[in-house]
There are 2 protein chains.
Amino acid sequence: MPTAHPARSPRRRVPRNTLNPDRILDAAITLLDRDGAEAFTMRALAEELGVGTMAVYSHFRGKDEISDAVAQRLLTEIELPAARGGDPGDRIADIVRSLYRLFSEHPSALQLLTSRPMRGDERIVVTDQLLGLLRSAGLGRTEAVRGYLALLQYTVGAAVWTTKGRRRRACEEAVGGQAEAGLPTTRPERHPSLVDLAPEIAEVGDMGPVQFEHGLDCLLRGLLGG
Amino acid sequence: MPTAHPARSPRRRVPRNTLNPDRILDAAITLLDRDGAEAFTMRALAEELGVGTMAVYSHFRGKDEISDAVAQRLLTEIELPAARGGDPGDRIADIVRSLYRLFSEHPSALQLLTSRPMRGDERIVVTDQLLGLLRSAGLGRTEAVRGYLALLQYTVGAAVWTTKGRRRRACEEAVGGQAEAGLPTTRPERHPSLVDLAPEIAEVGDMGPVQFEHGLDCLLRGLLGG
DNA sequence: ACCTGAACACCGTTCAAGT
DNA sequence: ACCTGAACACCGTTCAAGT
């Protein structure tokens, strides 16, 4: 009496051809967004799909290949502003904003997107559009390339900050206690500015997108209005 | 005949009290900087120290506690500019630059420093000094807090970018082939700006600190010179 | 108190096997 | 071709034991 799964899920055997790359990627993104990067496991992925662990290996070479495909797919979801006219500065802000939104909506995918080469057509289109807009805003050739990099670096940094901050806050709430917006106890003599600005620090601490907008404004002013 | 380590290292038994928290943190940072974050393993750490895996647990509660302590220690290594006079803008740039340098010199520690609350006095001093300088540069209360955040976000993003780029480049070199500075093949009709600016892109691609400086200039101009 | 190995519950992946 | 479980080499950590 060879009972198949001694104490596992009630799954017996899945009908053929239920699995395909798209369904696997959907499940991977669900897993990533719902449970975080550390829960993105080949075994958990298979469980999510209601399938044996090794079934996934019929469609992808391994976890790395799935991660690459997820990054690719997420970049596809970005909606680029279609309007071809208007102020270059506004259009630049639109594109960068939608990048930030992508990172915010898929927090655990941020490291996927920053850690690997980002090949694929989607990223190239974003790059090309930004470079063209920076040029048409009057920047020189090298300035445009440097400006593009500065914009992306700021965006990634702001997204990392927001993402980690969110996790930090969740962690603190789970423990209990406000913990005054992540700032440890301070002594007025040694940290005068910190104590003086405490109310503003607490106020600003929460809102990710608003803060991103503010920094983006500053950066664009410095880039374009010099 | 109970032979101790069947095929392990020739270590037999270490004299007492050779281990202490400082030596463990030294080894952890060495491991992190030399072999990368994914090589930072409790077993590898013990090997580095010439000690059994579980010996470390006599000094730290677990891997998380070691990671926290490493982050703390790295923040201590930051050298804050001592000069108390001079242009606030220059002094702000100095502090942010030394933060960027810290991140660059300890690439694998970047996620350690961004993923956890960053408690401890060292971080607080940096924050307090930056806030004070932004205020004395003429910024309002909320502007100073937002400006501080923007600066840190940009710094983290630039460091992530540089770090990941370094790994990417090493990976590509190992495979062989220049791979034209990380940019995949492009078609001139679809990506005009990218093709047009190819030489500048290749030129800028390499230098991390120079690019950081440029973006920092822009951001500071937008922040202070508005 | 400090260090040890064995053992447990995980992980990605290889392999031989089923349909 | 597609899916399966067993097995292998890893991981962090618990535990009982040595000195």
Side-chain angles (χ1 to χ4, degrees), chain A residues 1-25 27-28 31-32 35-70 108 111-112 115-116, chain B residues 1-25 27-28 31-32 35-70 108 111-112 115-116:
Chain A
M1 203 160 59
T3 51
H5 307 310
R8 277 261 197 86
S9 59
R11 165 179 57 85
R12 271 289 166 175
R13 179 167 265 278
V14 101
R16 303 292 291 248
N17 294 330
T18 45
L19 226 49
N20 60 62
D22 269 331
R23 256 173 54 72
I24 292 176
L25 291 185
L31 207 56
L32 242 13
D35 303 332
E38 72 285 353
F40 176 38
T41 281
M42 292 302 277
R43 285 167 160 93
L45 181 59
E47 179 91 2
E48 181 79 21
L49 288 159
V51 109
T53 308
M54 295 315 298
V56 182
Y57 284 83
S58 300
H59 303 266
F60 290 96
R61 200 181 292 276
K63 198 185 183 185
D64 271 1
E65 200 172 281
I66 298 178
S67 300
D68 278 329
V70 166
S108 53
Q111 63 170 320
L112 283 189
S115 68
R116 54 204 68 239
Chain B
M1 203 163 56
T3 51
H5 307 311
R8 276 259 196 89
S9 59
R11 166 179 56 85
R12 272 288 166 176
R13 180 167 265 278
V14 101
R16 304 289 294 247
N17 294 329
T18 45
L19 226 49
N20 60 62
D22 268 331
R23 257 174 54 71
I24 293 176
L25 291 184
L31 206 57
L32 243 13
D35 303 332
E38 74 282 355
F40 176 39
T41 281
M42 291 303 277
R43 284 166 161 94
L45 181 58
E47 179 91 3
E48 182 79 21
L49 288 160
V51 110
T53 308
M54 293 316 298
V56 182
Y57 284 82
S58 299
H59 303 266
F60 289 96
R61 199 182 290 278
K63 198 185 183 184
D64 271 1
E65 200 172 279
I66 298 179
S67 300
D68 278 329
V70 166
S108 53
Q111 63 170 320
L112 282 189
S115 68
R116 55 203 68 240

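Every chain is numbered from 1, with letters handed out A, B, ... down the list of sequences. Because the structure is a prediction, the values reported are computed rather than measured.
To the nearest angstrom, P of dT4(D) lies 8 Å from CG of Leu19(A). Per the geometry, CG belonging to Leu31(A) stands 11 Å off P belonging to dC11(C), to the nearest Å. Taking atom CD1 of residue Ile66(B) and atom P of nucleotide dC11(D), one finds them 14 Å apart after rounding to whole Å. The CD atom of Glu47(B) sits 12 Å away from the P atom of dC10(D) (whole-angstrom rounding).
Here His59(A) does not reach the OP1 or OP2 of dA1(D): none of its side-chain N or O atoms lies under 4.0 Å away. At dT4(C), none of the side-chain N or O atoms of Ser58(B) fall inside 4.0 Å of OP1 or OP2 (strictly under the cut-off).
Minimum interatomic distance between Ser108(B) and Ala37(B) (heavy atoms only, all atoms of both residues): CB-N, 3.6 Å. Smallest separation of non-hydrogen atoms from Leu45(A) and Ala28(A): CD1-N, 3.6 Å. Residue Val56(B) comes nearest to Met42(B) through the heavy atom pair CG1-CE, 4.2 Å, listed as atom of the first residue, atom of the second, then distance. Between Ala44(A) and Ala39(A), the closest heavy-atom pair is CB-O, 3.6 Å. Across all their heavy atoms, Ala46(A) and Gly52(A) have their closest contact at CB-O, 3.6 Å.
Of the residues listed (Ile66(A), Leu25(A), Ile24(A)), the one engaging His59(A) in a side chain to side chain contact (heavy atoms under 4.5 Å, CB included) is Ile24(A), and it is the only one.
Here the CG-OG distance, from Leu32(B) to Ser67(B), works out to 8.0 Å after rounding to the nearest 0.5 Å.
By the 4.5 Å heavy-atom criterion applied to side chains, Phe60(B) and Asp68(B) are not counted as neighbours.
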Please tabulate the protein-to-nucleotide N/O contacts below 3.5 Å involving nucleotides 12-14 of chain D, giving atom names and distances.
residue	atom	partner	partner atom	Å
dG12(D)	OP1	Met42(B)	N	3.1
dG12(D)	OP1	Lys63(B)	NZ	3.1
dG12(D)	OP2	Met42(B)	N	3.0
dG12(D)	N7	Arg43(B)	NH1	2.4
dG12(D)	O6	Arg43(B)	NH2	3.2
dT13(D)	OP2	Tyr57(B)	OH	3.0
dT13(D)	OP2	Lys63(B)	N	3.0

Task: Base-pair map of DNA chain C as dot-bracket, where | denotes pairing with a different strand and pairs are Watson-Crick or G-U under 3.5 Å - done: ||.|||||...|||||.||
